[in-house]
Amino acid sequence: MDENRAPIVPYVVIKHTGKVRDAEPVRVVSSCNLEIYTFPFDVQNCTFTFRSYIHHVSDIKIILGKEVEDILKCSRSVLSTEGEWELMDIKSSKFKLSTFNQGEGNPYDELCFYIVLRRRATLYVVNLLIPSCFLITVDLFSFLLPPQNVDRSSFKMTLILGYSVFLLIVNDLLPVTGSTIPLINVFFAICLALMVASLLETILITNLLVGSSNFHPVPGWVRVLVLRFMGNLVGLPQKSREDKIILNPVAGETDLKVCPPVTVERQVQKGEPGEMWAEAGDPALAELKNLGNELQSICLQVAQHVDGNQISQDWMQVGYIIDRLLFGAYCIFITFSFIVILSIWSNSYNQ
């Protein structure tokens, strides 16, 4: 408590009844223990006690000069120019404290005022909460960007850097923390943690989509857990495999899934003039054998290419499903966290 700096008034009021009234003003600067957990929607309860440490009730009686309602109206008119705090209520109570030596025969008078103040949160909502909500909303909608065509990670990294600069700028608006961490600091920490988590998720999905052609075939448990169960859960069911059809342009026959071995047998048509493949060393027979080997090689290469594409498509489907699943978890966590924090702030502000 600071010393009295009010001007000295050397006058008293004497009434005909013999009462003497001293109207000397007293300017008191005191402190109040603030609870900043629900900042900026905090409501403070301050207690001011007035009593004499020397004179008993027989010497000095402390009474209210006005009703509490009049004191509240007068105080509100004085605080009308203040922008941060709003005076909600003032209550008073009077006690008589007995001393150890005197007993209850000559107690002390004590007068207590209970003042309820509520912070005006408009400035902090506009400068702190709304920009944070805008940035986390942009980060949320960035999941709609296709990771294989757009560098989503650079976009998210830019958001994180911008949010970090924003926190450094608005650091002066936050209260000095003591033993209690304000809930708004937890709100900022959750927003930053969600942005970092979304960046890590983007890095994982991008690596999975870009390097899918170099991976081994999808394991069975991944196929069952991710492609079937999680795919149906997030609305991306596994596509049915369609057999690749190779058309023979000459015969018009439809194709084979597996390349059959191509063999050339030595055939002799009896009863015809001349023999086909009369000798084993016929050049035409050797040429046909080489042609059959080349066809078999081409067929195997096509089959390997089709299988490689199928493996790549399976891993890309796994990446899309995980991305959609993490996006849903991201939305659920944001919604739950914001509802809890806003409910705490609302209950505190409406008290």
Side-chain angles (χ1 to χ4, degrees), residues 1-9 22-57 59-100 107-129 167 169-188 341 344-351:
M1 180 179 293
D2 198 3
E3 62 181 2
N4 182 22
R5 296 181 181 179
I8 298 176
V9 180
D22 186 0
E24 180 180 359
V26 177
R27 181 177 182 270
V28 177
V29 178
S30 182
S31 62
C32 180
N33 187 19
L34 299 181
E35 296 292 337
I36 59 175
Y37 176 71
T38 56
F39 174 89
F41 303 97
D42 51 336
V43 177
Q44 306 297 335
N45 296 303
C46 299
T47 302
F48 294 94
T49 304
F50 299 92
R51 59 165 292 186
S52 174
Y53 287 93
I54 300 176
H55 301 282
H56 297 276
V57 67
D59 300 326
I60 295 179
K61 292 183 179 180
I62 302 177
I63 59 174
L64 282 175
K66 296 182 179 179
E67 296 293 332
V68 179
E69 291 77 9
D70 297 333
I71 297 175
L72 178 60
K73 292 180 181 179
C74 181
S75 299
R76 283 179 175 174
S77 63
V78 173
L79 290 176
S80 60
T81 57
E82 299 294 332
E84 184 174 4
W85 294 100
E86 179 184 1
L87 182 61
M88 300 299 299
D89 192 15
I90 294 179
K91 297 180 180 180
S92 66
S93 60
K94 186 177 179 181
F95 303 96
K96 289 186 178 181
L97 303 179
S98 60
T99 60
F100 180 75
Y108 293 96
D109 260 356
E110 182 178 276
L111 184 62
C112 295
F113 288 95
Y114 306 98
I115 303 175
V116 181
L117 298 172
R118 185 171 65 183
R119 193 189 304 268
R120 291 187 174 95
T122 306
L123 174 66
Y124 302 99
V125 170
V126 173
N127 292 334
L128 298 180
L129 298 182
L167 293 180
I169 293 175
V170 303
N171 188 37
D172 295 336
L173 294 177
L174 298 177
V176 179
T177 59
S179 58
T180 303
I181 299 177
L183 192 59
I184 192 171
N185 289 7
V186 179
F187 176 80
F188 291 152
I341 293 176
I344 295 175
W345 276 336
S346 177
N347 293 333
S348 174
Y349 197 71
N350 294 328
Q351 286 181 355

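On a predicted model such as this, the values are computed, not experimentally measured, just so you know.
C74 approaches S77 most closely through the heavy-atom pair O-OG, 2.5 Å. Counting all heavy atoms, side chain and backbone alike, S92 lies closest to V68 at OG-CG2, 3.1 Å. Between P175 and P182, the shortest heavy-atom distance links the atoms CG-CG, 4.2 Å.
Side chain of R76 to backbone of L87: a donor-acceptor contact under 3.5 angstrom is found. In this structure a side-chain-to-backbone donor-acceptor pair under 3.5 Å is present from R120 to W85. Although no hydrogens or angles enter the test, the distance criterion places no donor-acceptor pair under 3.5 Å between the side chain of R118 and the main chain of F41. Using a distance-only test at 3.5 Å, with no hydrogens or angles considered, a donor-acceptor pair links the side chain of D109 to the main chain of I62.
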**OP:** Go through the steps to decide whether S30 and F48 satisfy the test side chain to side chain contact (heavy atoms under 4.5 Å, CB included), and finish with yes or no.
**Re:** CA-CA 9 Å; S30 182; F48 294 94; 3.6 Å; yes
**OP:** Apply side chain to side chain contact (heavy atoms under 4.5 Å, CB included) to the pair Y37 and D42, showing each step before the final yes or no.
**Re:** CA-CA 7 Å; Y37 176 71; D42 51 336; over 6 Å; no
**OP:** Walk me through it: do T49 and T47 pass the test side chain to side chain contact (heavy atoms under 4.5 Å, CB included)?
**Re:** CA-CA 7 Å; T49 304; T47 302; 4.1 Å; yes
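The aromatic rings of W345 and F187 lie tilted to each other, with the angle between the two planes from 30° to 60°.
A 4.5 Å side-chain heavy-atom check between Y114 and I90 finds every atom pair outside the cut-off. Residues Y124 and F39 meet the side-chain proximity criterion, which asks for heavy atoms closer than 4.5 Å. Proximity of L129 to I184: side-chain heavy atoms (C-beta onward) are separated by under 4.5 Å at one or more points. Here the side chains of F113 and I71 are in contact, with some heavy-atom distance below 4.5 Å. Residues L174 and L128 form a side-chain contact, since some pair of their non-hydrogen atoms from C-beta on lies under 4.5 Å apart.
A side chain to side chain contact (heavy atoms under 4.5 Å, CB included) with M88 is found for one member of I115, V116, L117, N45 and no other, namely V116. The residue from V170, I169, L173 that alone fulfils the side chain to side chain contact (heavy atoms under 4.5 Å, CB included) condition with N127 is L173.
Here the CD atom belonging to E110 is positioned 8.0 Å from the OG atom belonging to S93, to the nearest 0.5 angstrom. In this structure, T180 OG1 and L34 CG are separated by 11.5 Å, a value rounded to the nearest 0.5 Å.
Residue K94 qualifies as enclosed at atom NZ: its count of foreign heavy atoms under 6.0 Å is above 12.
With salt bridges taken as basic N to acidic carboxylate O contacts below 4.0 Å, none links R119 and E86.
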